[in-house]
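Read through the structure below, which is laid out as structure tokens, and then see the notes.
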Amino acid sequence: MTLIDDWLEGVRCQVNVEQHIFLEIVVDRLAVELGLKDAGASHREDGTEPLRHLLHGPPGTGKSHVLKFVQELFALAGLKKGIDYQFVAFQATNAADLDGDTIHHAFGWNTNKRSFEQAMKPEAAKQLAYCRWLFIDEISLVPADLFAQVDHCLREVKPSADAWKHDPLTGNTRPLAGVNVILVGDFKQLPPPQGGNLADVPHHLRVGPHETCKAPDPMADAGRRLMWEDIEGMVELTDRERCKDEWWNEVTDELRAGHLSENNWRYLHGYPVEGCKLSKEERESRRRVIDGPGDPRLREARFQEAPVIVANNDAKYQINKDRAKKYAQDANAQLRWSVAKDVASTETLQAQACDKERKIKWLQYHDKDTGNLLGTLPLAIGMKVALTEHIDRSEDKRLLRGTVGIVHSWVWEEGRQRPSVVYLKFEGAKWQLEGVSEPGVYPIVARTADWWLDKGRKVKVLKVKRTQLPLTPAYAMTAHASQGKTLVAVLLDLNVDKKMDPTIGPVAATRVRSRHDVLILRPFPDWLFQRTASDGPELLLQKLRGEVIDWSAYREARKPTASCQKCRQLLPLDAFEHKQWERVRANNLASCVTCWQGKPPSHRRRLEPDSLHKHKCCGCNTMKIADAFPRAQLAQPEADMMRHCLKCLQVKRAEGMQCRKCLMTKTPAKFTPSMMTMPAAGILCIDCQGAVKKQTNRQWKGFFACKTCCQIFPNAVRMGKERKQVCSNCSSRETDKRERGLQTCRNKGCKRKFADGCSKDGKRQRYCPECRAR
Ligand SMILES: Nc1ncnc2c1ncn2[C@@H]1O[C@H](COP(=O)(O)OP(=O)(O)OP(=O)(O)O)[C@@H](O)[C@H]1O
């Protein structure tokens, strides 16, 4: 038994079973590489291949926790951090928590640019040339294009002589240049704000082998391909270690799945729940939405210091300022404002007046627009502040962006707008600087950064230099910044914009150990957290678990196909015009755009967001977009339990359909084609349709004639008002909503409604008066 085997046995009591399985895999690979074990004796199928694994699990299952043991193991094995192995994360705060580095710094890249041409700093390239292990934490936040760049750079810097770079059988360079890469995170948490989500389905799987169109972002697609094809295995952690509160775990699981139940939503708000048998105390403990600023729970010590987790930077900026003022008031400390100094460049001075008034306006700009330096920074002794820049990357200190400290003291000369130095105290730090009285105290001085007034332009010209302390009050943080953290208590704002990713909710709510550590600052609508996120993460996990995925069914669910009556080709829905696809949805023959217009379309039809909304088919149990279902199936009563997609209906009804009038089961040939898509209660055979037609109007009781398709149906599928009766096949959004005398402007960017009118030559106007005037 080797030393590392002993170590593995020793840590068994400090990690759970699943975490131990992961450590066993790492130990196994390490033993093979160190020559302590023969590759043939490895537990893995192919012991000679480098390890490319994913450590996945919901929030608080101890993914980062287990990485600390890996660091311990590597130190024991004599591996050097930064040379033999690297622990990296995309966000500086996650890197600091891990005692690691940011991906950008480890790879020596500039943070502003992302391209294959971006040159690495020579020192970073030298270090990576020896690297055998790369651990990337919070992988869901890593942009797909950046991951492709990681692969590209590793291939570049690894020397050809590296024993692991090439596959000895094929001679090809291995993915990620043969480095052992462990990705750690949860793809059901927040995706990166830009650069593409790694868990999204790669282009070739999404469009299928017969499509020739290129991926919209080839670099992001390269990253996704690497993730989907070259990461070979996964260890899934499921035991919640951070939070043992069962009810709170149930709520966060519901938020995560996008199915917040009505009962739990009502409990959170303190609304009555029908049939609730819980004790008064239990119900009260479930009420997490506060009554208002006067709620006594806000005065509890843990919530006085708790950060507010918000969706975006604007809210963070405002809350930080307000709470800094409140802190100074409550602590009876003097609040002083450090005012930034802005110096406009010559180009800016030539372009606009940079007088006092303008500069005061600049001070109110968001720090994200002003080089991460606040215009006015509130400061009080004892106040919590966070760094907005990396201050000290040294191994023992790791004072990276986002690290929180407390204002210890400052040197502020009379009449100056900024202190010359602010001393911050970092709790728990063991280091002590020379000439400083206490451990963990670090001097922060003002920095200068450039920002641009014309930030949105391709070539920025209007530069301003800002000097300010790289600090911000630390009373609020975005959900992105909170990901990966364990916090004592949090205040949440869940009433987010509907355009925000719904995963904001579960990420923010899972930072604490129990429901008692959370307060929600205002009521929120339940539907915000009843929206499912993209299906990519679940499919990726299925693939890594080794489950078989039916990709053609996946494609059919996203983009149903139909054959064109003229060219007889099987084409996706965006190859048909809207009206023609509506015919497909009613099981009628339809023509593709090319055959309909007589020439190929200049572009594919863009689908309406409503038609992309997914529904579950009760036949094949697959989530499919609305356009994959006949309108009649979506419009029927209790559609959730009854609806069937076009494909399932065709299979189901091929054998026979029962007529509602004569109650006989007949072959589909005895019905008009559109009867195939009707709910069972709306089916009438051709003979019975004829029989009803022959009756006088008074005897039509129970039946009606559709005003659009003129067929006779049982009343069960009647839609619309008295004089506009249509069948549920023909009912469409537009029919009901169209307003008489108004038409929509054809300009795609406008789409304004305007009163019908004709031009002087008698032709109907296509554009609204504003667009015509332009
Ligand atoms: N086996 C364990 N025994 C005791 N405590 C544990 C164990 N595993 C994790 N923890 C504790 O649970 C908390 C959450 O762990 P950790 O931050 O590693 O979770 P995570 O899966 O990385 O969460 P997130 O997805 O939010 O980043 C930490 O305080 C950690 O110390």
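All ligand and atom numbering here is 1-based and tracks the order in the structure. Since this is a predicted model, take the numbers as computed values, not measurements.
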### Message
So which atom in Leu400 and which in Arg393 form the shortest heavy-atom distance, rounded to 0.1 Å?
### Response
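Heavy-atom minimum between the residues: CD2-CG, 3.8 Å.
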query = Under 4.5 Å between any side-chain heavy atoms of Leu237 and His56, yes or no?
reply =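 The answer is no; the side chains never approach within 4.5 Å.
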| request: Applying side chain to side chain donor-acceptor pair (under 3.5 Å), run through Trp265 and Glu254 and close with a yes or a no. | output: CA-CA 10 Å; Trp265 175 79; Glu254 285 179 4; over 6 Å; no
Can a side-chain donor-acceptor contact be found between Asn263 and Ser261 if the only test is distance below 3.5 angstrom?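 Side-chain D/A pair, Ser261 to Asn263: absent.
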### Task
First locate atom CG of Leu154, then atom CD of Gln149, and finally report the distance between them rounded to the nearest 0.5 Å.
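With rounding to 0.5 Å, CG (Leu154) is 11.0 Å from CD (Gln149).
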Present, as a list of atom pairs with distances to 0.1 Å, all nitrogen or oxygen contacts under 3.5 Å between ligand 1 and the protein.
unit_1, atom_1, unit_2, atom_2, d
ligand 1, 1 (N), Gln19, OE1, 2.9
ligand 1, 8 (N), Gln19, NE2, 3.1
ligand 1, 17 (O), Arg242, NH2, 3.3
ligand 1, 18 (O), Ser64, N, 3.1
ligand 1, 18 (O), His65, N, 2.7
ligand 1, 19 (O), Gly62, N, 3.2
ligand 1, 21 (O), Thr61, N, 3.2
ligand 1, 21 (O), Gly62, N, 3.1
ligand 1, 21 (O), Lys63, N, 3.0
ligand 1, 21 (O), Lys63, NZ, 2.8
ligand 1, 22 (O), Ser64, N, 3.0
ligand 1, 22 (O), Ser64, OG, 2.9
ligand 1, 23 (O), Gly60, N, 3.0
ligand 1, 23 (O), Arg242, NH2, 3.1
ligand 1, 25 (O), Lys63, NZ, 2.7
ligand 1, 25 (O), Gln189, NE2, 3.0
ligand 1, 26 (O), Arg242, NH1, 3.2
ligand 1, 26 (O), Arg242, NH2, 3.1
ligand 1, 26 (O), Arg511, NH1, 2.7
ligand 1, 26 (O), Arg511, NH2, 3.1
ligand 1, 27 (O), Glu138, OE2, 2.9
ligand 1, 29 (O), Arg513, NH2, 3.1

Next item on the list: Let me see the working for Ser140 and Asp186 under side chain to side chain donor-acceptor pair (under 3.5 Å), right down to the final yes or no.
Entry: CA-CA 6 Å; Ser140 72; Asp186 175 13; over 6 Å; no
